[in-house]
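Letters A, B, ... mirror the listed sequences (proteins, then strands); counts begin at 1. The figures that follow rest on heavy atoms only: side chains count, while hydrogens, waters and symmetry mates do not.
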Amino acid sequence: MSVVKKRRKDLTIFQKLYIPEIVKGMLLTFKHLFGPKFTRQYPEVRYEQPDSYRGRPVLVQENGKERCVACGLCSRVCPALAIEVQAVETEDEKERYPNLFEINMLRCIFCGFCEEVCPEEAIIMSKDYELTFTKYEDAIFGKDKLLVPVESLKGRIEFLRKYR
Amino acid sequence: MDIVFALIKIVIAVAVLLFMVTYLVYFERKISAWIQDRIGPNRVGWGGLLQSPADVLKLFFKEDIVPRAANKFVHSLAPVISLTIAFITYTVIPIGNDIQLFGYNIKLVVADVDAGILFILAFTSIGVYGITLSGWGSNNKYSLLGGLRSSAQMISYELSMGISVVGVLMLAGSLKISDIINYQSGWMWNAILQPIGFITFVVAAFAETNRLPFDLPEAEPELVGGYHTEYSSLKFAMFFLAEYANMIVASALISALYLGGWNLPFVHDLGLNPTLTILFQITTYFIKILCVLFFFIWVRWSIPRFRYDQLMSLGWKVMLPLSLINLIWVAFLIYVFKI
């Protein structure tokens, strides 16, 4: 003997016929045929990221030189061990600069710890997310690829000053 | 001379069918995208028109993988069966009345079989073997389940399909499709005379072609890919082609049996010459087929999949009695109105 279990909400006969409900659903999908579309045509139309977006980390370039003083904190804090810094002395006021600064973009996890720990605001997460490489060597970004003029990073720096 | 005409007709039929299948895939992708508020393929060619040919070309260059444990003969036989059956059923569907060209009387059908409906029903039943054998021959649990489901489903729905067709045959008094279509001239469309039979036939056609509310043989969330899980490259393309070709045959059949085929009530009032009338009729027929195909796609992107036991109980407890009721209704029509 099977026990007939009463549902919490029994369907009415109208609903049990299925057909009216199916027609309702089909009319809904028909309306969407002509509705506005939400697709973004990607390579032509791009996403405008907010300042809180964490793209690839870059080195801030000011007056043609990097701000970095090669303290090595970013390299120390990096959980993925992606950053390598070699410091060299200089005649400038800041006394030290990195003659080698490499970020392995295959290891980077875009956590933003390097940016957070940096005392000089010298390493900043940019909005660039289009990272493609075909060789392992290409994935290790040196100073040539990392240096970005400070003007293009204004939004992010302001965001950091406000919320950090 | 007959052989030449037959060969020309075969070439045209296959070309038209392949063209329609290719663009049906594009059509389906576009409509599904629109229903989901997307744009759909629009990169390859003008507005994405070359997307499907590009996909076919891609499938040509794919590696053909046969599982080591599979039965190689059955594994490669199954897609051939599926595709052949899908193309064979197309041969008996006429697209218009006889046409007079260059002093010859040309029939607009590849094979004018007297028992056309029986031919189609028989061959679509053989189509089950394609799917079942592919399920068995791949030596994969998902494929096997898909094949089993497909055979059970197609056998259950063939019954209600056959019985709904009997209603049409009783009215037309012929198994020949062109006779059935000519019987429905004017507004004597079978969809209007026997609405229940129309609904049961359409539902059964959905189940026969494995389209969405009944696409249990390939239910992606449960069975990976269903019966074609282990297929790749051209063999997969053959299953794909067969599925869409079956869809076209089913919609051609629905419009021929229930929607009056090439009949449009006011065509004869226009006073066109015979050849133009026939061309007009052919266009009408193709437009009807397109509308039914749109309906197929529209339903697919609106209605969720049935559970397996729901499918079976719907087939045996609802569809079969409904088609029998339709049979009684048609008998009543014939007895009372003498039509």
Below 4.5 Å from any heavy atom of chain A, which atoms of [X] appear? Answer side chain, backbone, both or neither.
| X | answer |
| --- | --- |
| B:I303 | side chain |
| B:I199 | neither |
| B:V299 | both |

Practice item. State, without any angle test, whether A:T29 and B:W298 hold a side-chain donor-acceptor pair at a distance under 3.5 Å. Key: yes
Taking everything shown except [X] itself, do over 12 heavy atoms lie less than 6.0 Å from its [atom1]?
| X | atom1 | value |
| --- | --- | --- |
| A:F113 | CZ | no |
| A:E44 | CD | yes |
| A:E21 | CD | yes |
| A:K65 | NZ | no |
| A:Y42 | OH | yes |
| A:R76 | CZ | no |

Review point. Which bit of A:L33 comes within less than 4.5 Å of chain B, counting heavy atoms only: side chain, backbone, both or neither?
Key: both
Review point. Can you tell me how far CZ of A:F30 sits from CD1 of B:I35, rounded to the nearest 0.5 angstrom?
Key: 9.0 Å
Study note, to complete from the structure: dist A:K37:NZ -> B:Q36:CD (nearest 0.5 Å) comes out at 10.5 Å
